[in-house]
Amino acid sequence: MKINLYNTLTRQKEAFKPIRGNQVGLYTCGPTVYNYAHIGNLRTYIFEDILKRVLVYNGYDVKHIMNITDVGHLTGDRDMGEDKLEAGARREGKTAWEIAEFYTKAFQSDLEKLNILDPTTWCKATDTIPEQIALIQELEEKGFTYRTSDGIYFDTSKFPGYTKLSHQDLDALQEGARVERNPEKRNSTDFALWKFSPEDVRRQMEWESPWGIGFPGWHIECSAMSMTYLGDQLDIHAGGTDHIDVHHTNEIAQSEAATGKRFFNFWMHGAFLIIAGGKKMAKSEGNFLTLDGSFTERGIDPLVYRFAAFLTHYRKPMEYSEEAVAAARNGLAHLRNQVRAIREKSGGRTGTVDTGSKDRFLSEINDDLNMPRAMAAVQEMLKSNLPPADKLATILDFEKVLGLELDRVDDTEGLPPEVLEKVDARNKARADKNWALSDQIRDELQAMGFVVQDTKDGTTVFPS
RNA sequence: GGCGGCAUAGCCAAGUGGUAAGGCAGAGGUCUGCAAAACCUCCAUUCCCCAGUUCGAAUCUGGGUGCCGCCUCCA
């Protein structure tokens, strides 16, 4: 079935077609590892996970690269300010390398909790320094660079299609620029490819280069890594919407200037998470929420957040609130209970995937990843007249895309002995019609974290 | 100031010309000793406001109002 994806380059949905046969090269911008990811960041990775799962579900062989930016990303603007990693190191009294390692692990742990599939290859900016240097050299040979007192810069005026992604009017943009100019830059949009280490300060992360000791600029690593790992399989590049105007625009400029070839056919961007009051989530806004802080540590399944993310289309700002969490929490619990009930009705047997429901589901996810509609399709399937065994097979098939652990089977055999004893005692009390004792035991079990359900076939108990 | 986006029920949210998906919350019912869970039913004559185009508009056009994002580190 055809997949339509919204391409920022053309500002419209386009039929997706890989460059080479059945293979898809997917590059997703990973984090700069100087701090924890907040749940707004994670929304984008959930969107990218759905993108990948949808491609796989459609039968494509996806080669997915995600980078870890562990050097070169500056705290200031316009290529000024301090390296975020070095700043983080000073803040926490560790080395920049330790900072990168620590926050990379924390990030990967978040992805795992959200059931986000690992990329085919993780790559670190610091592992591709030679490739980045080679790319800069190529740009230098072709006359796209110039040298200032603090680094090697890309001259954006020499690349004709500079605004093809952002669609911005550069003249107007310059007039409105609110930031301090770097006086040595020829154009305000020019950006650093290589920065020299300061003469008086020894950086923790620095490398030899043809231009002197220093470190790479923020944008060059993504170009080098995508070309290194994907070669000519540059199909889809995804990231957050904030990257359109600067980061991705610069990536395209430097890559296409160097190779003379088109750099990625599809550019996809996820919208921000906003909190009540309508502000985006950012450290500077003072509303930095982490997955662990908002979910794991409060005893809420992190997949509740994944479920919540499905209820808003990825290109639209998503509102986050305690109310939204509660709604998603109930919604996911309900969905899992529905699956549980269906499994009981079918006696645990799975039938065949219903083609009509699958076609409906496919048409929704293949229409620019319309998860809100896909979730509606899921509900309609579950409430249909299909035989339970077929419903079970169908929902488990959808689960390949959803990744909500709907197939998680509660291990009733693994219940602790003290729970089983209480269940026995309660069953006896119920047989004696001693409702007071029965209710008391049920309260005790609930306090222990178990749900008690009486059905006509007996009592079932499972962790809540 | 420039560019872009959004405004749909109590809340979240699909829907881009043919008469308002879905979720959460709420109400009633079936089941149950009572619950819980599940299931069934109900829940926007109406889509920010005003004008226009059209047989027909939440969807198109013009104007207005409000909110947000990017342009500056940022998913």
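In the text below, chain A, chain B and the rest are named by the order of the sequence lines, each starting its count at 1. From a predicted model like this one, the values you see are computed outputs, not experimental measurements.
- Counting only N and O atoms by type, the side chains of Asn187(A) and Asp155(A) include a donor and acceptor under 3.5 Å apart.
- Rounded to a whole Å, the OH atom of Tyr162(A) is 14 Å from the C1' atom of C3(B).
- In this structure, Glu48(A) reaches neither bases nor backbone, as no heavy-atom distance under 4.0 Å exists between it and the strands shown.
- Between G4(B) and G23(B), the distance separating the two P atoms is 37 Å to the nearest Å.
- Checking Arg360(A), Lys13(A), Arg373(A) one by one against Asp367(A), the salt bridge (charged side-chain N to carboxylate O under 4.0 Å, His left out) holds for a single residue, Lys13(A).
- We find that NE2 of His269(A) is positioned 13 Å from P of C71(B), with the value rounded to whole Å.
- At the heavy-atom level, Ser438(A) lies under 4.0 Å from base atoms of the strands shown.
- Whole-Å rounding puts the Ile274(A) CD1 to C6(B) P distance at 13 Å.
- Look at Gln338(A) and you'll find a side-chain N or O under 4.0 angstrom from OP1 or OP2 of C39(B).
- Across the protein-nucleic acid pair, Leu273(A) atom CG and C70(B) atom C1' stand 17 Å apart, rounded to whole Å.
- With sequence neighbours excluded, the residues that form a side chain to side chain contact (heavy atoms under 4.5 Å, CB included) with Glu101(A) are Lys105(A).
- When heavy atoms are screened at a 4.0 angstrom cut-off, Val378(A) is found touching no nucleic acid atom at all.
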Handout entry: Annotated protein contacts, base or backbone, on nucleotides 13-25 of chain B with a non-hydrogen cut-off under 4.0 Å, one of B, S, - each
Key = SSS-----BSSSS

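- Rounded to whole Å, the distance from CG on Asp439(A) to C1' on U32(B) is 12 Å.
- Classification of Lys84(A) and Asp70(A) as a salt-bridged pair fails, no side-chain N sitting under 4.0 Å from a carboxylate O.
- For a distance-only test at 3.5 Å, the side chain of Arg315(A) fails to qualify as a donor-acceptor partner of the base of C6(B).
- Contact annotation for Arg442(A): base contact, defined as any heavy-atom pair under 4.0 Å involving a base atom.
- Rounded to the nearest Å, the gap between the P atom of C70(B) and that of A27(B) is 41 Å.
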